[in-house]
Visitor: 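Structure below; questions to follow.
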There are 2 protein chains.
Amino acid sequence: MNPNLFDFLKKLMIVSNNGSYRGSTLELSKLFGISQQAASLNLINLEKEGFIKRVRERNGQIIYFLEPAYELIYEEFNSLNFILNRQDKLDISGKVFSGLGEGKYYISQENYKNGLKAILGFEPFLGTLNIRISKKELYKMEIIRLKGRKYIPPFEKDGRVFGKVYVYNAELKGEKIGTIIPERTHYTDVLEIVAKDNLRQKFNLKDGDVLEVTVRFD
Amino acid sequence: MNPNLFDFLKKLMIVSNNGSYRGSTLELSKLFGISQQAASLNLINLEKEGFIKRVRERNGQIIYFLEPAYELIYEEFNSLNFILNRQDKLDISGKVFSGLGEGKYYISQENYKNGLKAILGFEPFLGTLNIRISKKELYKMEIIRLKGRKYIPPFEKDGRVFGKVYVYNAELKGEKIGTIIPERTHYTDVLEIVAKDNLRQKFNLKDGDVLEVTVRFD
DNA sequence: ATTACTATATTCCGAGTAA
DNA sequence: TTTACTCGGAATATAGTAA
């Protein structure tokens, strides 16, 4: 979300009571030092994006905050908490699920395999373990993305383009592992795990099992 | 601070390590999905406003975060915490100090006196107790300002203009009191307290004593 | 290589005003 | 009274480019 709109939402939630705000756009404009038109437009956008629900009244409107608004605030809260704790690692948890077996195909490519070995220090098992991150922890995925420093550069092979992937040292159940995040992907809630061994076998994992991974940024 | 610049600072602090970031404006622009020029300009502004200190290097620069940056993040963190806790009251503490006796003059004006009585439900002692809010809790002053609902409208008397003041029900040491914040003032760190009695006498207060006030928003 | 200036493009805001 | 549209101007971002 646009930082200006977020700022407006934040202020709106601060001046609200019991999960709602009753007032007019003129009132809001005066409170926030913006124009009535800007207040109106911001409300329209917030409603369009599903953060608030409005009910018109004689003299103004009632604004109800929907769950996504609180989720957004919570994400931001956690991001700031992360900064204040100046952490060099981050714990994230998710549920095991079966991918389409693409992981094995990709990881078998020489460039990726060698890149992983160089960054992680071990020869990876030819397969990945996927975990899906819950909505509550999605903000951590963004932080992990932003913190990405080590990566395997993109390359071409047999006329196909293989994209840049960020690689992180990590731990799982005391095991040194790696996590991979492709630079361009639409799966923003998936963390791919590589390890020396077949983790699914080693820990007898089933779909739906919850795993906690410690991702390192050094 | 401008929300866009704040957002940039926040992202910068997330991708940093050990209180500093080493890299180029081009790198940052790619990380954040903005232009190199915008990254450069944002850094210039952050440095101008005293949030960062930069050291040029061969290939880029090192960016050090200064204390005001952490303070800013901390303030925002607390504001969001406030939202998430959906409070209808707020505890704020500050140190007693002696004003110039202006409080007595203002509070003696009929309009102010009657307005206070109407909102607070008691006849105020003709004098105010001032407390100065510490930097750490200044963000609460902004929240209180934003939450202001009840006020005494501005008026003119003897050719003088008396401004709008926001009035809040509050508590101090179990006592029902009121706090006043003028709409326009340059003392953003001062909370004025009114009460039925002379609080300074009643509680034997001296300058420097720390008081905790619970401000209500109902 | 960099950063950052200048000029242009785009986005955003607010005044006027219709509904 | 409201909210929210159109439109012009301000603010902001990007492109080009100098240092």
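Every chain is numbered from 1 and lettered A, B, ... according to where its sequence line falls, protein lines coming before strand lines.
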Visitor: Under 4.0 Å, counting only non-hydrogen atoms across every strand here, what does Leu43(B) touch: a base, just sugar-phosphate, or nothing?
Guide: nothing

Visitor: May I ask you to test the Tyr112(B)-Val165(B) pair for a side-chain heavy-atom distance under 4.5 Å?
Guide: yes

Visitor: Expressed in angstrom and rounded to an integer, what is the separation of Phe6(A) atom CZ from dC12(C) atom P?
Guide: 17 Å

Visitor: Do Asn78(B) and Phe82(B) make a side-chain contact, defined as non-hydrogen atoms from C-beta onward lying under 4.5 Å apart?
Guide: no

Visitor: Hey, what are the protein-to-nucleotides 5-12 of chain D N/O distances that come in under 3.5 Å?
Guide:
unit_1  : atom_1 : unit_2  : atom_2 : d
dT12(D) : OP1    : Asn2(B) : ND2    : 3.3

Visitor: State whether the side chain of Asn81(A) and the backbone N or O of Phe77(A) hold a donor-acceptor pair below 3.5 Å, judged by distance alone.
Guide: no

Visitor: If you define the side chain from C-beta out and look only at heavy atoms, does anything of Ser16(A) sit under 4.5 Å from Ile63(A)?
Guide: no

Visitor: Do the side chains of Leu126(A) and Lys113(A) get nearer than 4.5 Å, heavy atoms only?
Guide: yes

Visitor: Closer than 3.5 angstrom, by distance alone: can the side chain of Asp7(B) be matched with the main-chain N or O of Pro3(B) as a donor-acceptor pair?
Guide: no

Visitor: Rounded to the nearest Å, what distance is computed from the CZ atom of residue Phe8(B) to the P atom of nucleotide dA13(D)?
Guide: 10 Å

Visitor: Which angle, rounded to 10°, do you find between the first-five-pair axis and the last-five-pair axis of the helix from dT2(C)-dA19(D) to dA19(C)-dT2(D)?
Guide: 40°

Visitor: Should Thr25(A) be listed as having a side-chain N or O under 4.0 Å from OP1 or OP2 of dT3(D)?
Guide: yes

Visitor: Measure the distance from CD1 on Ile63(B) to C1' on dT2(C) and round it to the nearest whole Å.
Guide: 13 Å

Visitor: Reckon Arg54(A) has a side-chain N or O less than 4.0 Å from the OP1 or OP2 of dA4(D)?
Guide: yes

Visitor: Just how far, in rounded Å, is C1' of dT3(D) from CG of Asn42(A)?
Guide: 14 Å

Visitor: For Ser79(B) and Glu75(B), indicate whether the former's side chain and the latter's backbone hold a donor-acceptor pair under 3.5 Å.
Guide: yes

Visitor: Check the distance between dG14(C)'s P and Leu28(A)'s CG and give it to me in whole angstrom.
Guide: 13 Å

Visitor: Starting from the C-alpha separation in whole Å, work towards a yes-or-no answer on salt bridge (charged side-chain N to carboxylate O under 4.0 Å, His left out) for Glu76(A) and Lys10(B).
Guide: CA-CA 10 Å; Glu76(A) 186 78 358; Lys10(B) 184 196 75 184; 3.1 Å; yes

Visitor: Which atoms form the tightest heavy-atom contact between Val194(B) and Ile177(B), and what is the distance?
Guide: O-CB, 3.4 Å

Visitor: For the pair made of CZ in Arg22(B) and P in dT2(C), what is the distance, rounded to whole Å?
Guide: 14 Å

Visitor: To the nearest angstrom, how far is Leu26(A) atom CG from dG16(C) atom C1'?
Guide: 15 Å

Visitor: Return the value, rounded to whole Å, for the distance between atom CD of Glu27(B) and atom P of dA1(C).
Guide: 15 Å

